[in-house]
Amino acid sequence: ALDPLSAQDFDALRRQAEADPNNGPVQVRLISALLARGLGDEALGRARQLQAANPGAPEVHMLVGDALGTRGDFAGAAEQYRRAANLHRLAQVVVKDLGGRLPAEAAALEALPGIGPYTAGAVSCFAFERPAATVDTNVARVLSRWFGVTGTAELRRLALQIQPRR
């Protein structure tokens with residue numbers, strides 16, 4: 001959601017928050033505004049400072065958690081922010097450099113921002129019906145035990161070799 005604050009109101013809120021760092025509601029409003037503007041790192045830092053300054057105030061922890069949308073799970077909020085930023089970068093690259101179309105091959109998908117080996121394999125396999133390895137923890141465990149193979153690259157190679165062909 002977009003932050004409804006104008007630039008002038010945002011600056012005033014920031015000044016008010018800096019003048020009174022222990023004012024929970026003002027700090028929470030600023031944290032929400034920072035998140036809405038894509039400034040997750042600053043929001044996370046302010047949230048941690050506010051919680052540290054108010055260790056015995058569960059209402060502050062709840063307010064901060066609500067502002068971050070994670071009930072105080074800052075690591076979760078940071079991860080959500082990182083994923084959203086990666087998705088945004090991915091969309092920009094796909095539109096600008098790839099004409100709005102994802103590549104079909106897992107290796108090309110994996111080269112894009114925010115796409116790892118599992119996601120690349122899954123997209124290639126399920127969206128484009130290409131042979132691709134999607135090795136999650138469970139698949140890795142079974143392959144390791146059955147074939148005595150370890151290491152991510154080796155497991156992916158093995159998964160590609162043994163998967164059924166059409």
Side-chain angles (χ1 to χ4, degrees), residues 1-18 21 25-52 61-140 151-161 163 166:
L2 293 175
D3 183 15
L5 289 178
S6 68
Q8 185 177 12
D9 289 341
F10 178 75
D11 290 339
L13 179 62
R14 186 186 289 270
R15 284 191 302 277
Q16 183 182 7
E18 288 171 1
V26 170
Q27 295 295 330
V28 168
R29 179 67 184 110
L30 179 59
I31 291 165
S32 294
L34 289 167
L35 286 170
R37 284 178 160 73
L39 302 172
D41 293 338
E42 185 178 349
L44 189 58
R46 284 188 178 271
R48 285 185 174 139
Q49 288 173 349
L50 183 61
Q51 282 195 317
H61 294 271
M62 280 186 57
L63 284 171
V64 170
D66 286 345
L68 293 176
T70 59
R71 293 278 176 207
D73 177 9
F74 297 123
E79 177 64 15
Q80 288 174 1
Y81 174 75
R82 185 189 65 78
R83 286 182 179 186
N86 280 341
L87 184 58
H88 186 250
R89 280 196 305 277
L90 171 65
Q92 289 175 321
V93 168
V94 169
V95 169
K96 181 181 173 202
D97 300 338
L98 302 175
R101 301 190 65 89
L102 285 173
E105 300 302 323
L109 285 162
E110 198 172 335
L112 295 172
I115 296 186
Y118 182 84
T119 301
V123 169
S124 182
C125 177
F126 297 114
F128 297 104
E129 297 183 353
R130 302 289 171 93
T134 52
V135 180
D136 66 5
T137 303
N138 295 314
V139 171
T152 304
E154 293 82 9
L155 288 166
R156 287 177 69 195
R157 264 194 298 282
L158 176 61
L160 275 171
Q161 288 172 356
Q163 72 179 345
R166 288 187 185 208

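The shortest side-chain heavy-atom distance between Asp136 and Tyr118 falls under the 4.5 Å cut-off. For the pair Pro117 and Thr152, the minimum side-chain heavy-atom distance is 4.5 Å or more. Between Arg14 and Glu42, the closest side-chain pair of non-hydrogen atoms falls below 4.5 Å. With contacts defined as side-chain heavy-atom distances shorter than 4.5 Å, the pair Leu98/Leu112 qualifies.
The minimum heavy-atom distance linking Gly121 with Thr134 is given by the pair C-CG2, 3.2 Å. Of all non-hydrogen atoms in Ala159 and Val135, the two that sit nearest each other are CB-CG2, 3.7 Å. Listed here is the closest heavy atom pair of Ala120 and Ala106: CB-O, 3.4 Å.
Ala17 meets the side chain to side chain contact (heavy atoms under 4.5 Å, CB included) test with Val26, Gln27, Leu30, Arg46; sequence neighbours excluded. The side chain to side chain contact (heavy atoms under 4.5 Å, CB included) check on Leu87 picks up Leu90, with sequence neighbours excluded. The side chain to side chain contact (heavy atoms under 4.5 Å, CB included) search around Phe128 returns Leu102, Ala104, Val123, Arg130, not counting sequence neighbours.
For the side chain to side chain contact (heavy atoms under 4.5 Å, CB included) test with Leu160, the passing option among Arg156, Arg157, Gln163 is Gln163; the others fail.
With rounding to the nearest 0.5 angstrom, the CD atom of Glu18 is 10.0 Å from the CG atom of Leu13.
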